[in-house]
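The next block holds one structure in the form of structure tokens; read it before the comments.
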Protein chains: 2
Amino acid sequence: MGVPRQVDHDERRRQLTEALLRIAGTRGLQAVSMREIAAEAGVSLRVVQYYFTNKQALLESGLIELGARGRRRVQQRVADAASTRDVFAAVLGAIVPSDEQSRLDSMAWTAYYTAALTDPALAAAGLTLPNALEDFLTVRLTAAQQAGDVSPDRDPRTEVAGLLALANGLTSGVLSRQRDHEAATKIIDYHLARLFDLTPRNLAHKAQAGTDSAAD
Amino acid sequence: MGVPRQVDHDERRRQLTEALLRIAGTRGLQAVSMREIAAEAGVSLRVVQYYFTNKQALLESGLIELGARGRRRVQQRVADAASTRDVFAAVLGAIVPSDEQSRLDSMAWTAYYTAALTDPALAAAGLTLPNALEDFLTVRLTAAQQAGDVSPDRDPRTEVAGLLALANGLTSGVLSRQRDHEAATKIIDYHLARLFDLTPRNLAHKAQAGTDSAAD
DNA sequence: CCCGTTAGGATACGACTGTATCCATTCGGG
DNA sequence: CCCGAATGGATACAGTCGTATCCTAACGGG
């Protein structure tokens with residue numbers, strides 16, 4: 001038992017979790033079985049059993065990894081977002097699947113989400129990401145509104161909830177290949193352009209409240 | 001073999017299909033088995049086999065029934081919709097689950113939708129309702145815009161796609177009990193109010209194009 | 001009357017599931 | 001050196017799954 005034991009252990013678990021998510025993303029959650037995961041990871045059934053006591057534990061691990069990936073994607077995009085509008089475009093753009101990897105993850109996420117609707121054990125393991133995003137964006141939008149970058153007759157919480165639901169619905173369309181990523185992005189930008197537009201009747205208000213709106 | 005044979009046959013199939021949808025709506029699609037359907041319908045396994053050759057046929061029947069229910073709900077609400085805005089509120093309000101029955105149907109629909117993402121056989125059996133609604137609403141919105149009831153700088157197709165995606169995303173939130181029906185309706189109305197609002201800069205255009213806008 | 005079709009009960013079959021058990025190997029600290 | 005823990009191969013077990021088969025009844029037209 002060498003020093004890097006715990007590391008190897010976690011690495012093994014990570015490989016198995018990734019195999020699980022690959023299956024869930026391509027063939028669905030109902031195709032996920034212990035033996036399938038073993039085959040996908042190129043190991044024996046016993047190894048899967050060894051590193052995960054339960055199938056339940058395995059599924060939870062997959063859900064946790066999926067949440068971590070989502071958070072990572074959002075943070076990467078938000079990192080280089082200058083304005084509040086850029087932050088919104090980044091977050092919403094991170095929700096809608098863009099490349100093949102995010103499509104697979106989105107598939108798996110949808111499968112988990114659907115399963116959690118009828119399986120309280122999965123629901124308890126956490127789909128908390130949407131709520132966190134809602135709070136985060138609401139704070140940002142409220143600040144932008146107070147800075148005069150958004151029309152005062154907009155309701156930040158309602159706008160954010162609507163935009164997140166929009167991104168969610170667009171994701172469904174992208175996954176079912178009813179829409180592609182570009183079309184979805186256009187729809188999102190269409191709405192962001194209106195939300196952050198101050199053209200006619202809001203210029204007066206903008207001029208009166210424009211204090212620290214440059215950095216936002 | 002009496003005259004009402006075919007009728008009895010169809011009635012039996014209908015009962016079994018409803019039993020299937022009850023299970024799918026409460027315990028999920030993965031809980032749907034021939035034996036479970038038999039138990040739910042209060043018949044023997046053989047009867048389920050007798051009226052449906054395959055499990056596949058059974059699932060398709062459930063999907064068809066689900067689509068029919070959705071269409072029925074939309075038509076009922078659209079029936080007494082006076083203005084174009086009422087039509088939009090009716091259609092979008094028909095998508096978001098309101099009572100317990102529509103919640104169950106929406107659950108089952110989500111389960112089917114998710115399954116269809118990885119099962120081409122189910123996808124072929126038809127999730128065509130969204131596309132039909134998109135075309136329908138786009139025609140209505142374009143007409144309303146030409147009548148001057150909607151600002152000319154709105155893009156009807158984008159607006160409709162966005163609203164349907166919004167309703168879809170809100171449905172997810174309602175099903176996961178993150179939001180209730182009332183909150184979802186408020187968000188929809190919030191957006192419809194903006195879409196059909198002509199207050200400041202559009203009144204000029206409205207006055208110039210207002211020919212047959214009264215009946216719409 | 002009787003015979004073929006319709007309807008359904010009872011049971012079986014093979015595949016697959018999650019989980020458990022038995023066993024061999026490896027390897028590092030005492 | 002050696003012994004116990006870590007690791008994993010092979011196999012078994014009890015369920016559940018969709019599907020198939022066998023066998024009764026019932027019943028209406030010839």
Side-chain angles (χ1 to χ4, degrees), chain A residues 1-21 23-24 26-63 111-112 115 118-122 125, chain B residues 1-17 19-24 26-63 111-112 115 118-122 125:
Chain A
M1 123 192 13
V3 169
R5 186 176 57 88
Q6 185 68 16
V7 173
D8 286 357
H9 196 271
D10 288 357
E11 171 67 11
R12 274 290 215 197
R13 286 175 60 101
R14 205 182 52 81
Q15 290 175 355
L16 294 175
T17 301
E18 286 177 0
L20 153 63
L21 291 183
I23 298 174
T26 53
R27 282 177 289 159
L29 253 181
Q30 94 289 345
V32 170
S33 74
M34 302 260 141
R35 288 168 178 82
E36 280 296 329
I37 294 174
E40 173 73 26
V43 298
S44 75
L45 168 62
R46 185 64 178 83
V47 172
V48 181
Q49 284 188 285
Y50 188 79
Y51 289 94
F52 290 94
T53 59
N54 263 347
K55 186 183 184 181
Q56 176 68 22
L58 196 32
L59 290 179
E60 287 179 6
S61 169
L63 185 50
Y112 268 106
T118 51
D119 180 6
L122 264 186
Chain B
M1 106 181 43
V3 169
R5 185 175 59 88
Q6 186 67 18
V7 173
D8 286 357
H9 196 270
D10 288 356
E11 170 67 10
R12 274 290 214 197
R13 286 175 59 100
R14 208 182 50 82
Q15 290 175 355
L16 293 175
T17 300
L20 154 64
L21 291 183
R22 261 194 311 268
I23 298 175
T26 53
R27 281 177 290 160
L29 249 176
Q30 94 290 345
V32 170
S33 75
M34 303 258 141
R35 288 168 177 84
E36 280 297 327
I37 294 174
E40 173 72 27
V43 299
S44 75
L45 168 63
R46 184 64 178 84
V47 172
V48 180
Q49 285 188 285
Y50 187 79
Y51 288 95
F52 290 94
T53 59
N54 262 348
K55 186 184 183 181
Q56 177 69 22
L58 196 31
L59 289 179
E60 287 179 7
S61 169
L63 185 50
Y112 267 106
T118 51
D119 180 6
L122 263 186

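Proteins get letters first, then strands, A, B, ... in listed order; numbering begins at 1 in each. Since the model is a prediction, treat every value here as computed from it, not as a measurement.
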For [X] and [N], what is the distance between atoms [atom1] and [atom2] respectively, to the nearest whole Å?
{"X": "B/Gln30", "N": "D/dT16", "atom1": "CD", "atom2": "P", "value": "15 Å"}
{"X": "A/Gln15", "N": "D/dG8", "atom1": "CD", "atom2": "P", "value": "10 Å"}
{"X": "B/Lys55", "N": "D/dA20", "atom1": "NZ", "atom2": "C1'", "value": "17 Å"}
{"X": "A/Arg12", "N": "D/dG8", "atom1": "CZ", "atom2": "C1'", "value": "9 Å"}
{"X": "A/Ile23", "N": "C/dC16", "atom1": "CD1", "atom2": "C1'", "value": "15 Å"}
{"X": "A/Phe52", "N": "D/dG8", "atom1": "CZ", "atom2": "P", "value": "13 Å"}
{"X": "B/Leu45", "N": "D/dT16", "atom1": "CG", "atom2": "P", "value": "14 Å"}

A/Leu59 side chain reached by A/Leu20 side chain, heavy atoms, under 4.5 Å: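 Heavy-atom side-chain distance check passes, below 4.5 Å.
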Flag side-chain contact, heavy atom, 4.5 Å: A/Gln30 against B/Leu29: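 A side-chain contact is absent here, since even the closest heavy-atom pair is not under 4.5 Å.
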Picking from D/dT19, D/dT7, C/dG8, which would you name as closest to the side chain of B/Val47?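 Looking only at side-chain atoms, B/Val47 lies closest to C/dG8.
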Can you identify which nucleotide, out of C/dT11, C/dT6, D/dA10, has its nearest atom closest to the B/Tyr50 side chain?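 Of C/dT11, C/dT6, D/dA10, C/dT6 is nearest to the side chain of B/Tyr50.
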Under 4.0 Å, counting only non-hydrogen atoms across every strand here, what does A/Tyr51 touch: a base, just sugar-phosphate, or nothing?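 Sugar-phosphate contact only - A/Tyr51 comes under 4.0 Å of backbone atoms but never of a base.
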Across the strands shown, which category fits B/Val48 at heavy-atom distances under 4.0 angstrom: base, sugar-phosphate, nothing?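 Result for B/Val48 = nothing.
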Hey, which of these two, A/Gln49 or A/Ala31, hits DNA chain C nearer its 5' end, going by closest nucleotide?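 Closer to the 5' end of DNA chain C: A/Ala31.
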So, [X] side chain and [Y] main chain: donor-acceptor pair closer than 3.5 Å or not?
{"X": "A/Thr17", "Y": "A/Arg13", "result": "yes"}
{"X": "B/Arg35", "Y": "B/Leu45", "result": "no"}
{"X": "A/Tyr51", "Y": "A/Arg14", "result": "no"}

Contact summary for B/Leu122 and B/Gln56, nearest pair of heavy atoms: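 Shortest heavy-atom separation between B/Leu122 and B/Gln56 comes out as N-NE2, 4.5 Å.
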Output every pair passing salt bridge (Lys or Arg N to Asp or Glu O under 4.0 Å) with a member in residues 42-60 of chain A, not counting sequence neighbours, ordered by first then second residue.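 Residue pairs with at least one partner in residues 42-60 of chain A: there are none.
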Looking at residues 33-44 of chain A, who's got a heavy atom less than 4.0 Å off DNA chain D?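 Residues of residues 33-44 of chain A under 4.0 Å from DNA chain D: A/Arg35, A/Ser44.
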Would you indicate, yes or no, if C/dT19 has its OP1 or OP2 atom less than 4.0 angstrom from a side-chain nitrogen or oxygen of A/Asn54?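 So the side chain of A/Asn54 is within the cut-off, an N or O lying under 4.0 Å from OP1 or OP2 of C/dT19.
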Would you say B/Arg46 reaches D/dA20's phosphate, i.e. side-chain N/O to OP1/OP2 under 4.0 Å?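 For D/dA20, neither OP1 nor OP2 has a side-chain N or O of B/Arg46 closer than 4.0 Å.
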